[in-house]
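I have placed the structure first, in the form of structure tokens, so that the comments after it can refer back to it.
Here the structure is a predicted model, which means the values were calculated and not measured. Side-chain atoms are counted along with the backbone in the values below, which use heavy atoms only and exclude waters and symmetry mates.
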Amino acid sequence: MADLKAALTHLETRLSSIVEGSAARIFPRGRMPRGLTHSLVEAMRSGVRPGVDGVPVAPNLYVFYIHPDQVDDILSTPEFLDELVGLLRQASLEAGLRLSGPLSLRVEPGWDLAPGETLVTATDSLQDLSPTSGLAFYPDAPSPVAPLAAFLIVDGVRLFPLEAAVVNIGRREDNQLVIDDPRVSRLHAQLRIVRGRFVIFDLDSTGGTFVNGLRIHQHTLRVGDVISLAGVPLVFGQEIPEPGDTQEVPAE
């Protein structure tokens, strides 16, 4: 895995060079989203898994969430995404990775992101979103619905219902889930609904975010997953709906 780590570090350097070189053309007045290339590489890194034949497999669908006011900056220069697609495809070969399907990039508005903030998620998709750049854009504001009866058990004693599409977790009092423990960063992690499931993101915390003993940058949660925020345990749970129960699901 040392070779993979080196290859991904090299990929981040190359991506940064392209993005910085295009920033003035794509993002006027210094409006380039912060940490775009780092978030992209971390999304790829966290999604790599062993293949059945020993060749590591990387996710093939990458979704960029940026502030809605900045989406047009990227949409007006589709060649930028074409460059990224080609570079990611070549870099995955150099890193010895096999993509799980046709490589696609997608840009969506992050309605709760501040200007300049960015979030990148990586998932597997069997569908090629576009024959060229892979760009798809859905301009309507999303109305995500929290998975039915999802919750966290905090430190073994506290039940926290997950009723919002975005849940910030940390020591700071303005977080939705406040954990008053010195090991936890002021803004430690974030839970976000992505394609109908909760995904946990580490927010560059000091003590790290772990799921089932493994340090993660992002992870799609499953029932029973044990999360550790610098040693503070949380268990993700969800009640199984009775037959006939329904839940509204956001349109794809």
Counting C-beta onward and ignoring hydrogens, is there a side-chain heavy-atom pair between L234 and I153 closer than 4.5 Å? no
Once rounded to the nearest 0.5 Å, what's the spacing between atom CZ of R197 and atom CD of Q238? 9.0 Å
Going by the rule side chain to side chain donor-acceptor pair (under 3.5 Å), which residues pair with N175 if we only count those two or more places apart in sequence or in a different chain? none
Quick check for you: to the nearest 0.5 Å, what is the distance between N168 atom CG and L203 atom CG? 6.5 Å
Do you reckon I216 sits in the same ILVMFWY cluster as V232, going by side-chain contacts under 4.5 Å, direct or chained? yes
Restricting to non-hydrogen atoms, name the atom on A164 and the atom on V167 that form the minimum distance, rounded to 0.1 Å. O-CG2, 4.2 Å
Could you grab the distance from atom OG1 of T121 to atom OH of Y62, nearest 0.5 Å is fine? 10.0 Å
Across all chains, not counting sequence neighbours, the side chain to side chain donor-acceptor pair (under 3.5 Å) partners of S205 are H188, D202
Side-chain contact, heavy-atom cut-off 4.5 Å: P233 with D155? yes
Tell me which pairs pass salt bridge (Lys or Arg N to Asp or Glu O under 4.0 Å) where either residue lies in residues 178-189, with sequence neighbours left out. D181-R183
Any pair with a residue in residues 166-177 that passes salt bridge (Lys or Arg N to Asp or Glu O under 4.0 Å), sequence neighbours left out, goes on the list, sorted by first then second residue, please. R172-D174
Taking every non-hydrogen atom, the tightest pair across L229 and A189: CD2-CB, 4.2 Å
Contact check, side chains of I227 and L221, non-hydrogen atoms, under 4.5 Å: yes
The complete set of salt bridge (Lys or Arg N to Asp or Glu O under 4.0 Å) pairs with one or both residues in residues 214-227, sequence neighbours excluded, reads none
Distance col, row L152:CG vs I169:CD1, nearest 0.5 angstrom, shows 6.0 Å
Once rounded to the nearest 0.5 Å, what's the spacing between atom CZ of F160 and atom CG of L177? 4.5 Å
To the nearest 0.5 Å, tell me how far S104 OG sits from L99 CG. 10.0 Å
Is there side-chain contact between V199 and L191, with heavy atoms separated by less than 4.5 Å? no
Determine whether V235 and V154 fall in the same hydrophobic cluster, where Ile, Leu, Val, Met, Phe, Trp and Tyr are linked whenever their side-chain heavy atoms lie under 4.5 Å apart. no
Any idea which heavy atoms bring A43 and A122 closest together, and the distance? O-CB, 3.5 Å
Quick check against the 3.5 Å criterion: does Q190 have a side-chain atom that pairs as donor or acceptor with the backbone of F201? no
V178 to R158 - nearest heavy-atom pair and separation: O-NH1, 3.1 Å
Could you pull out all residues at least two apart from V57 that satisfy side-chain contact (heavy atoms from CB on, under 4.5 Å)? R49, R98, S100
Indicate yes or no: at least one non-hydrogen side-chain atom of F198 is less than 4.5 angstrom from one of F236. yes
Could you tell me whether the side chain of V120 reaches within less than 4.5 Å of the side chain of V63, counting heavy atoms only? no
